[in-house]
Amino acid sequence: MPDQQTPLADRLGTPIERPLPLPSGNALFGSDVVAETLRALEIPFIALNPGASYRGLHDSLVNYLGNVQPQMLLCLHEEHAVAIAQGYAKVTGKPMAAAVHSNVGLMHATMAIFNAWCDRMPVLVLGATGPVDAPKRRPWIDWIHTARDQGALIRAYTKWDDQPASAEAAREALLRACWLARTAPMGPVYVNLDAGMQEAPLADPLPPIDASRFVPDVAAGVSAELVAQAVAMLHQARQPVILMGRGSRREQAWDNRVALAEALRARVVTDLKIGAVFPTEHPLHTGAPASFPVPEAAQAIAAADVILSLDWVDLAGTLKAACGTAAPAGKVINVSLDHQLHNGWSMDHQALPPADLFIAAGADTVVAAMLAHLPLQAKGAAESSSHPDVVAEPGAISVAQMLLALLHALGTRAVSLLHVSLSWNAALWPFRHPLDFIGSDGGGGIGGGPGIAVGAALALRGSGRLPVAVCGDGDFLMGNTSLWTAVHYNIPLLVVVANNRSFFNDELHQERVARTRNRPVENRWIGQRIADPEIDLAQLAQAQGAQGFGPITDGADLAATFRRAIEAVEGGAVVVVDVRVAPGYAPAATAAMLRG
């Protein structure tokens with residue numbers, strides 16, 4: 001069993017920055033308490049873009065802790081720091097930290113915090129202001145970087161925030177923040193550290209505490225009566241449907257979901273906005289995972305006499321897409337804790353859905369409780385995977401051709417899909433394990449994909465799974481400098497860019513507007529195309545120390561390029577493959593965009 005005080009990077013034989021040792025008898029400061037508390041909370045990493053407002057904490061992480069648990073991960077932008085923490089949480093279900101500089105750094109990070117909020121991921125964001133005591137401020141810079149209520153910038157899309165005024169209060173704030181972040185429904189939290197508090201010497205060391213006693217696991221109770229009522233409704237149903245929503249990456253939870261569907265003989269629908277929660281090749285799985293229900297899934301929902309929603313994202317919208325403006329004919333059982341986070345600022349809670357039975361509990365907990373009431377069925381055999389052969393045709397590359405070439409090149413490897421582009425067609429890529437796909441960015445914030453992929457790849461390092469992200473070109477261009485962090489800290493990762501040289505999603509929106517106004521749809525590209533000049537994405541990767549392949553413009557070159565890229569990642573490299581694809585989305589996605 002490795003020493004848990006040894007950095008993960010060292011345990012995997014990877015070099016990291018090592019500080020010189022601290023002299024004996026050195027004085028203690030407020031920020032040392034903050035750093036010590038992060039270690040007590042077993043925070044493994046802290047992604048950051050440096051800034052003077054938390055220079056005290058930075059010093060404590062390096063010189064007091066020795067850059068060990070948490071280990072610092074230098075990022076080139078605050079948005080990347082939070083995105084990396086979100087990606088780590090998506091794999092592990094646990095928080096890591098991100099530090100952002102003052103009000104300006106927090107403003108940079110807001111998009112990533114919103115993504116983590118909508119994704120219901122635990123992220124511990126540390127900020128700073130400084131100093132609150134005005135006479136201690138440096139001229140000009142400390143004044144413009146001090147805010148009276150900095151947490152107000154993100155209070156509508158964090159679970160909790162605080163600005164402690166002493167080292168003792170900072171320790172309690174961190175304990176509470178970490179506890180709330182990882183308690184369902186999970187989400188990001190923010191602790192703002194006064195620069196004066198960080199840099200003030202401690203008169204006396206704080207008494208030691210056992211951090212585990214202050215961050216207890218919270219098991220939401222499940223009403224046995226409501227569970228029995230739900231099981232009875234589902235037992236009597238002739239055409240039950242389960243909407244498998246948010247769920248953990250635990251294999252036992254995955255197995256429980258499969259067992260529930262088989263015991264009820266219920267058809268299952270899954271969502272591309274969240275991670276894999278059910279095997280897509282299972283005979284009971286209906287339609288391909290998608291951000292909007294595909295026709296087969298919509299038909300099953302409309303025909304269902306009982307619908308079990310397990311923390312489904314946008315239940316009302318899905319029911320409307322399947323049933324039209326009329327309420328669904330079937331009874332709806334809604335299982336969720338998400339209502340606890342809903343507020344009046346963000347509409348990420350979506351429209352209000354009908355519910356004939358509501359169970360306020362975690363979906364995985366309710367699934368396990370339901371299984372206790374049901375006889376288990378023989379395990380259903382998964383359908384065999386039958387994907388079209390890759391045709392190495394010269395000429396323009398379709399997204400489907402790129403996807404199939406990548407799938408064939410990966411072969412039988414255990415692969416974790418960390419991000420997918422809007423053009424992704426999930427019907428061609430099976431999910432067989434909870435880590436086969438970790439879900440979308442959450443908030444639709446373009447630019448989050450690369451950073452999330454880096455954080456997820458960090459969490460997967462040493463797991464034996466190959467981390468792969470497929471990004472659109474717009475997403476990659478906004479977030480590509482997060483790859484420097486992956487290269488610097490030896491985090492292997494394969495990024496494939498589906499490069500259509502356009503913000504194509506908005507081309508479809510402009511087409512819809514033009515059609516409704518009887519105007520030329522041929523003009524939809526203006527103000528959307530990323531061309532003249534075209535950007536060499538492979539060179540952007542190479543400039544940061546990654547390996548870059550492409551641009552690949554001929555489908556005949558895909559197979560060999562992907563083989564070389566995969567071999568490089570297996571050798572420890574960060575690799576970007578720029579594939580010039582023809583614009584176009586999966587049919588269901590295109591239809592939904594042109595409708596909405």
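Position 1 is the first residue of the sequence, and the numbers go up from there.
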Flag the pair Val258 / Pro279 as yes when at least one side-chain heavy-atom distance between them is below 4.5 Å, and no otherwise. yes
Side chain of Ser416, backbone of Leu435: donor and acceptor closer than 3.5 Å? yes
For Ala363, does its backbone N or O pair with a side-chain atom of Asp311 as donor and acceptor, under 3.5 Å? no
Return the minimal non-hydrogen interatomic distance between Gly362 and Leu337, and the atom names on each side. N-CD1, 3.7 Å
Evaluate the side chain to side chain contact (heavy atoms under 4.5 Å, CB included) criterion for residues Ile301 and Thr286: first the C-alpha distance (whole Å), next the side-chain angles of each, then the deciding distance (0.1 Å), finally the verdict. CA-CA 10 Å; Ile301 295 167; Thr286 303; over 6 Å; no
Is the backbone N or O of Asp194 less than 3.5 Å from a side-chain atom of Gln163, with the two atoms forming a donor-acceptor pair by type? no
Please tell me if the side chains of Phe476 and Val495 come closer than 4.5 Å, counting only heavy atoms from C-beta onward. yes
Minimum heavy-atom distance between Asn334 and Pro353, given as atom pair plus value: ND2-CG, 4.1 Å
May I ask you to test the Thr158-Val125 pair for a side-chain heavy-atom distance under 4.5 Å? no
In sequence, state the C-alpha distance, the side-chain angles, and the governing distance for Arg155 and Asn343, and then conclude on side chain to side chain contact (heavy atoms under 4.5 Å, CB included). CA-CA 10 Å; Arg155 189 162 296 138; Asn343 61 50; over 6 Å; no
Minimum side-chain heavy-atom gap Cys178-Leu38 below 4.5 Å: no
Are Arg246 and Asp338 ion-paired here, with the side-chain N under 4.0 Å from a carboxylate O? yes
Using a 3.5 Å distance criterion without hydrogens, assess whether the side chain of Lys159 forms a donor-acceptor pair with backbone atoms of Pro185. yes
Answer yes or no: is there an ion pair linking Asp305 with Arg238, defined by an N-O contact shorter than 4.0 Å? no
Sub-4.5 Å side-chain heavy-atom contact between Ser440 and Val420: no
Once rounded to the nearest 0.5 Å, what's the spacing between atom CZ of Phe214 and atom CZ of Arg171? 8.0 Å
Asp348 and Leu341: side chain to side chain contact (heavy atoms under 4.5 Å, CB included), yes or no, with the steps? CA-CA 10 Å; Asp348 68 280; Leu341 295 186; over 6 Å; no
Candidate pair Arg176 and Asp162, rule salt bridge (charged side-chain N to carboxylate O under 4.0 Å, His left out), full reasoning: CA-CA 10 Å; Arg176 187 187 301 274; Asp162 193 17; over 6 Å; no
Minimum-distance pair of heavy atoms, taken over all atoms of Pro164 and Ala169: CB-C, 3.6 Å
Residues, nucleotides or ligands: over 12 heavy atoms within 6.0 Å of Gln340 CD: yes
Is there a donor-acceptor pair closer than 3.5 Å between any side-chain N or O of Arg265 and the backbone N or O of Pro240? no
When you measure from the side chain of Arg267 to the backbone of Leu284, do you find a donor-acceptor pair of N or O atoms at a distance under 3.5 Å? no
Donor-acceptor pair, distance only, cut-off 3.5 Å: does the side chain of Ser421 make one with the backbone of Val470? no
Could you check if a side-chain atom of His235 sits within less than 4.5 angstrom of a side-chain atom of Leu374, using non-hydrogen atoms only? yes
Least distance between heavy atoms, His373 atom then Ala228 atom: CE1-CB, 4.0 Å
Given the rule in the ring pair (Phe, Tyr, Trp, His ring centres under 6.0 Å) test, do His80 and His77 qualify, once you have shown the distances and angles that lead to the verdict? CA-CA 5 Å; His80 302 340; His77 196 286; 5.5 Å; yes
If you round to the nearest 0.5 Å, how far is CG of Leu243 from CG of Asp271? 9.0 Å
Taking atom types as modelled, is there a side-chain donor on Gln86 or Asp119 under 3.5 Å from an acceptor on the other? yes
Do we get Arg182 above Trp179's six-membered ring, with its NZ or CZ under 6.0 Å from the centre and within 45° of the axis? no
Over 60° means perpendicular and under 30° means parallel, so classify the ring planes of His349 and His342, tilted if in between. tilted
If you look at every heavy atom in Gly447 and Met478, which pair is closest and at what distance? CA-CB, 3.7 Å
So, does Asp436 use its side chain to make a donor-acceptor pair with the main chain of Arg432 at under 3.5 Å? yes
Asn49 side chain reached by Val100 side chain, heavy atoms, under 4.5 Å: no
Spatial distance of atom CG (Asp475) from atom CG (Asn505) [nearest 0.5 Å]: 12.0 Å
CD1/Ile491 to CD1/Ile84 distance, rounded to the nearest 0.5 angstrom? 6.5 Å
Do side-chain atoms of Asp506 reach the backbone of His509 as a donor and acceptor pair under 3.5 angstrom? no
4.5 Å side-chain heavy-atom contact, Asp364 and Arg257: yes
Verdict with supporting geometry, Val454 and Tyr489, side chain to side chain contact (heavy atoms under 4.5 Å, CB included): CA-CA 10 Å; Val454 171; Tyr489 294 100; over 6 Å; no
Just verifying a value: how many Å separate Ile154 CD1 and Met107 CE, rounded to the nearest 0.5 Å? 11.5 Å
Once the angle between the rings of Trp424 and Trp429 is folded into 0 to 90°, is it parallel (under 30°), tilted (30 to 60°) or perpendicular (over 60°)? tilted
More than 12 non-hydrogen atoms from neighbouring residues, nucleotides or ligands closer than 6.0 Å to CD on Gln350, yes or no? yes
Closest heavy-atom pair and its distance - Ile43, Pro95: CD1-O, 3.8 Å
Without swapping roles, check the side chain of His101 against the backbone of Asn103 for a donor-acceptor pair under 3.5 Å. no
Enter the distance from Ser53:OG to Gln150:CD here, rounded to the nearest 0.5 Å. 7.5 Å
Please collect all side-chain hydrogen bond (donor to acceptor under 3.5 Å, both in side chains) contacts where either partner lies in residues 316-333, sequence neighbours excluded, each pair once. Trp312-Thr318
